[in-house]
Protein chains: 2
Amino acid sequence: MNVTILDIAKAAGVSKSTVSLVINESDKVKLETRHKVWQTINKLGYVPNMAARALTTSQTKTFGLIFLTSDETSLPYVLDSVPETLLYDVTYGINACLKNTDYSLLTERFSVSGQAKLPDLIKNKRVDGVFLIGGLYDDAFINLVLEQGIHVVIIGRRHEGVDSVSVNANKVGYLGAKYLLELGHRQIAFISGPAYSSISQEKQNGFAAAVAEKGVNMEQIYFIHSPYTGMGGYQALKQLWNEGVRPTAIFGGSDGITAGMIRFLYEQEISVPKDVSIISYEESVLSTHAPFSLTVIDGHKMQLGEMACMTMINRIKKQNAQEVTLIIEPSMIIRGSVKVMG
Amino acid sequence: MNVTILDIAKAAGVSKSTVSLVINESDKVKLETRHKVWQTINKLGYVPNMAARALTTSQTKTFGLIFLTSDETSLPYVLDSVPETLLYDVTYGINACLKNTDYSLLTERFSVSGQAKLPDLIKNKRVDGVFLIGGLYDDAFINLVLEQGIHVVIIGRRHEGVDSVSVNANKVGYLGAKYLLELGHRQIAFISGPAYSSISQEKQNGFAAAVAEKGVNMEQIYFIHSPYTGMGGYQALKQLWNEGVRPTAIFGGSDGITAGMIRFLYEQEISVPKDVSIISYEESVLSTHAPFSLTVIDGHKMQLGEMACMTMINRIKKQNAQEVTLIIEPSMIIRGSVKVMG
DNA sequence: GTGAAAGCGCTAACAT
DNA sequence: ATGTTAGCGCTTTCAC
């Protein structure tokens, strides 16, 4: 079998518990013995058995990323479904933060509409804490998770009484509107997201605030709702066009929405930014790979993941510290899809 | 604390081992006692402790997805880096397959050029098996992993002596070329991928085979190498254009490459498919969200993940069965980016 | 500062 | 068909 703590103890001429103390960096052990033990650990290539450690400490040293979806069978990337760019980037950020830590990350897609009450990761106690992402959860669900003695960090929105990390959505709308207004745009369409989404609403509020601040008439500002999908952006813009509206700038509330908008414009041979200006929100793989250099508001989704991870680690360290609510400020990445209006 | 196997045993009036047998679906237990035990399990809400189970069986019931990269610090999605769409889709497929299984999936990004010899997941024995993806591994690395007593399934390429699941790359080139030739294209550029990539080479071979089969002159067929990045596709096409070459159709060897190609064409105001036809390979979030309905060869990357997962599970069941080499056949998704030539 | 010993929850070989 | 028992590898009091 493998090298165990007992082998080290024998080889180093000390007891099991001393080795354990050394491994766990206790300062109670004499420097000399500490050296001796580390040497034999390295010599014999000892690696702690996580399962055994988990059994005694009842800590798995594992976190779970629970992706809440309404429908678990939908393909993640056809034009008519929400692209999972948020999940990709947040996962990347969490993993980056977990690197050089003794924690690992498990991922589970969980359908809230399904029959299971709790994700398997939680039910089986495979994790010490979970990141909840995807928006589709309510107090009842969160409390159920908390009852299992599992820590929770919510990603993407604020939630009373629980640690959370999110993006300042109001600022997203504000920044986009401010930028467009400053470049002289006065006819602007903002396809922000679905009507039921509070995030989408906040973005509109921020947009409206910038418009008011600038003293611009709201008459030619079009707030439009659509799903966070390519098809959503496509159809919303198409309808607007069919109604005869001709904005000089269009603001997509997500990279998915913007991709759909771009498809409509391409179809109509409307050139960006010559004929119309475009700005997007998110900065995912979709905006960086757009057919032109796309000006975008960066939601810093990787950083979102990293900060969620830091929050989780702090929570583990200080179990009953005050709840943490982190808000990440979006920022503009000015590229080439917005024209200066005369 | 939590309810354990012993609590169940007491409550049901049997012994620990009987409960254990029932849980592990042994048919040695009388039907009556089995019922009784399951009833109390449900009543008391017992859930097995994975750590304890892992300790005795030395099976973690966890797999690892190891993503081999050369450089761990690069952002995953700027135009000048390889978009990680393969990782996204394969992960989705593996998770889908693992659902309703008692296995979970851990992910780790591992830099082969780093100082660490082995990914942490493997070193810490957190996994029973690993999926290797990303292409950057050699025999030495694989053998090192195998020596740890960990199962290996390679995703994306074949490898002597190890289970592997990959896409028929030759067929990718073949299908694309055949389709374009049949629609009358005779000037075709194929930006297949980097020169050092055997996959890229295989695609070219398949392409050449279709051309030969059709009896078409190779003179106006352009095989071009570029990195699997948006920037790669962009610059490769730009150079071709600057050399005065004007193909009627361009075939991108990955969705990332194609995204770059599309950006160049957009810049030059060359319209697709009116002025030039485009076909891509992969079918990731990038091709479905292209600015036009993009004809693409589907690499079935989710299925790749699912089959890798099935392969792993079979390997666990029959440790020393013959090695498995699964090849997935790509297929065409005909949409609207290829014109019929007169 | 270090060792001895108990126990975490479970499985599996052996008894009965 | 079911019970008894001995670990799996580690942490953690509690003595010394």
Side-chain angles (χ1 to χ4, degrees), chain A residues 1-41 44-62 102 123-128 148-149 316, chain B residues 1-41 44-62 102 123-128 148-149 316:
Chain A
M1 267 310 286
N2 254 296
V3 179
T4 78
I5 206 176
L6 188 60
D7 300 325
I8 303 295
K10 282 179 187 161
V14 294
S15 78
K16 273 198 335 179
S17 39
T18 305
V19 178
S20 179
L21 286 172
V22 171
I23 290 167
N24 293 298
E25 310 197 327
S26 164
D27 47 357
K28 294 179 170 184
V29 183
K30 219 196 313 177
L31 201 67
E32 197 189 312
T33 31
R34 251 190 299 190
H35 276 309
K36 196 171 55 184
V37 170
W38 274 119
Q39 269 177 6
T40 64
I41 283 179
L44 302 190
Y46 165 78
V47 177
N49 179 318
M50 300 304 276
R53 188 175 278 181
L55 184 56
T56 46
T57 62
S58 40
Q59 284 198 40
T60 58
K61 293 287 180 185
T62 306
D102 52 352
K123 213 166 46 194
N124 292 333
K125 298 261 189 300
R126 278 184 182 257
V127 293
D128 300 334
Q148 316 298 310
I316 298 275
Chain B
M1 269 306 289
N2 254 296
V3 29
T4 78
I5 206 178
L6 187 61
D7 300 326
I8 303 297
K10 282 181 186 159
V14 294
S15 79
K16 272 199 333 179
S17 41
T18 305
V19 178
S20 179
L21 285 173
V22 170
I23 290 168
N24 294 297
E25 310 197 329
S26 165
D27 47 357
K28 295 179 168 185
V29 182
K30 217 197 313 178
L31 201 67
E32 197 188 313
T33 30
R34 250 187 303 188
H35 276 309
K36 194 171 57 184
V37 170
W38 274 119
Q39 270 179 5
T40 63
I41 282 178
L44 302 189
Y46 165 79
V47 177
N49 179 319
M50 299 303 274
R53 187 175 281 180
L55 186 57
T56 47
T57 61
S58 41
Q59 283 199 39
T60 59
K61 293 289 180 183
T62 305
D102 51 352
K123 213 166 46 193
N124 293 334
K125 299 259 189 298
R126 277 182 182 258
V127 293
D128 300 334
Q148 316 298 309
I316 297 274

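Values below: all heavy atoms of this structure, side chains included; hydrogens, waters and symmetry mates excluded. Order of the sequence lines fixes the chain letters, A, B, ..., with proteins taken first and strands second; residue numbering starts at 1 for each chain.
Per the geometry, NZ belonging to A:Lys125 stands 15 Å off C1' belonging to C:dC8, to the nearest Å. Here the C1' atom of nucleotide C:dG3 and the CD1 atom of A:Ile8 are 17 Å apart, to the nearest Å. When the P atom of C:dG9 is taken as reference, atom CZ of A:Arg126 falls 18 Å away, rounded to whole Å. Atoms CG (A:Leu55) and C1' (D:dG7) sit 12 Å apart, rounded to a whole Å. As rounded to whole Å, 12 Å separates atom P of D:dG9 from atom NZ of A:Lys10. Between A:Lys36 atom NZ and C:dG1 atom C1' the separation is 12 Å, expressed in whole Å.
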(request) Run the numbers on A:Ile23 and A:Tyr46 for side-chain contact (heavy atoms from CB on, under 4.5 Å), then give the verdict. (result) CA-CA 11 Å; A:Ile23 290 167; A:Tyr46 165 78; 3.5 Å; yes

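Among residues at least two apart or in separate chains, side-chain hydrogen bond (donor to acceptor under 3.5 Å, both in side chains) pairs with a member in residues 7-18 of chain B are B:Ser15-B:Ser17, B:Ser15-B:Thr18.
Side-chain contact between B:Val47 and A:Asn124 is present, with at least one heavy-atom pair separated by less than 4.5 Å. Side-chain contact check for B:Ile8 versus B:Leu44: some heavy-atom pair is nearer than 4.5 Å. Taking 4.5 Å as the limit, some side-chain heavy atom of B:Arg126 sits within range of a side-chain heavy atom of A:Thr62.
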(message) I need a per-nucleotide contact map over nucleotides 10-16 of chain C, read 5' to 3'. Cutoff is protein heavy atoms under 4.0 Å; write B for the base, S for backbone only, - otherwise.
(response) BBB----

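The CD atom of B:Gln148 sits 5.0 Å away from atom NZ of B:Lys125, with the distance rounded to the nearest 0.5 Å. Between A:Lys36 atom NZ and A:Gln39 atom CD the span is 10.0 Å, to the nearest 0.5 Å.
Nearest to the side chain of B:Ser15, among C:dG3, D:dT4, D:dA1, sits D:dT4.
For the pairing with A:Ser20, the side-chain contact (heavy atoms from CB on, under 4.5 Å) check across A:Ile5, A:Val37, A:Val29 returns one residue only, A:Ile5.
Rounded to 10°, the angle separating the first-five-pair axis and the last-five-pair axis of the helix from C:dG1-D:dC16 to C:dT16-D:dA1 equals 40°.
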